[in-house]
Amino acid sequence: MARVRYLGAEPVTVPELGPERVVHPDEVVEVPDERFEGYVCQSVNWEAVEEPKPTSAPAKKTAAKAPQKTED
């Protein structure tokens with residue numbers, strides 16, 4: 001999980017982080033990696049502390065080889 005710091009002046013409720021989860025000014029919280037950009041794009045309210053860890057790329061798919069012809 002990624003981590004962000006809340007920069008606002010007043011506590012805010014962030015339902016995405018848990019039911020009735022309140023985040024206080026200058027608090028660092030963990031956010032889902034796939035939602036990290038949604039927080040840090042709001043640079044007035046949030047700043048990046050720890051970016052998401054890169055995921056390994058999925059294995060490249062290749063076409064199946066044609067069966068070899070055998071002479072009888």
Side-chain angles (χ1 to χ4, degrees):
M1 289 195 127
R3 295 176 357 139
V4 294
R5 174 178 286 113
Y6 176 57
L7 303 174
E10 298 291 326
V12 292
T13 302
V14 184
E16 178 176 65
L17 302 179
E20 300 183 32
R21 174 67 163 93
V22 176
V23 178
H24 296 275
D26 203 39
E27 183 177 354
V28 174
V29 295
E30 288 188 343
V31 297
D33 288 350
E34 61 274 3
R35 294 286 300 130
F36 175 76
E37 291 297 326
Y39 285 87
V40 297
C41 74
Q42 301 174 56
S43 58
V44 172
N45 296 317
W46 302 94
E47 74 176 352
V49 172
E50 185 177 327
E51 294 189 10
K53 302 213 180 335
T55 58
S56 58
K60 184 177 178 181
K61 294 183 179 181
T62 59
K65 292 183 180 180
Q68 292 182 343
K69 293 183 182 180
T70 59
E71 293 185 26
D72 295 322

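Keep in mind the model is a prediction, meaning the values are calculated, not measured.
- Nearest heavy-atom pair, Ala9 versus Pro25, reported as atom, atom and distance to 0.1 Å: O-CG, 3.4 Å.
- Glu47 and Val40 get closest at one heavy-atom pair: C-CG1, 4.2 Å.
- Hydrophobic clustering, with ILVMFWY side chains joined whenever heavy atoms are under 4.5 angstrom apart, keeps Val23 apart from Leu7.
- The shortest distance between side-chain heavy atoms of Val29 and Val14 does not fall below 4.5 Å.
- Classification of the Tyr39-Trp46 ring pair by plane angle, with boundaries at 30° and 60°, yields perpendicular.
- A distance of 7.5 Å separates CD in Glu50 from CD in Glu30, rounded to the nearest 0.5 Å.
- For Tyr6 against His24, the heavy-atom pair with the smallest separation is CD2-O, 3.5 Å.
- Looking at every heavy atom in both residues, Val22 comes nearest to Pro11 through CG1-CB, 3.7 Å.
- Residues satisfying the side chain to side chain donor-acceptor pair (under 3.5 Å) test with Glu27, not counting sequence neighbours, are Arg21.
- Between Cys41 and Gly38, the shortest heavy-atom contact is SG-O, 3.6 Å.
- With rounding to the nearest 0.5 Å, the separation of CE in Met1 from CD in Glu34 is 7.5 Å.
- Annotation for Val49 and Val4: closest pair CG2-C, 3.9 Å, computed over non-hydrogen atoms.
- Hydrophobic clustering, with ILVMFWY side chains joined whenever heavy atoms are under 4.5 angstrom apart, groups Val31 together with Val12.
- Residue-environment remark: CD (Glu16) exceeds the threshold of 12 foreign heavy atoms within 6.0 Å.
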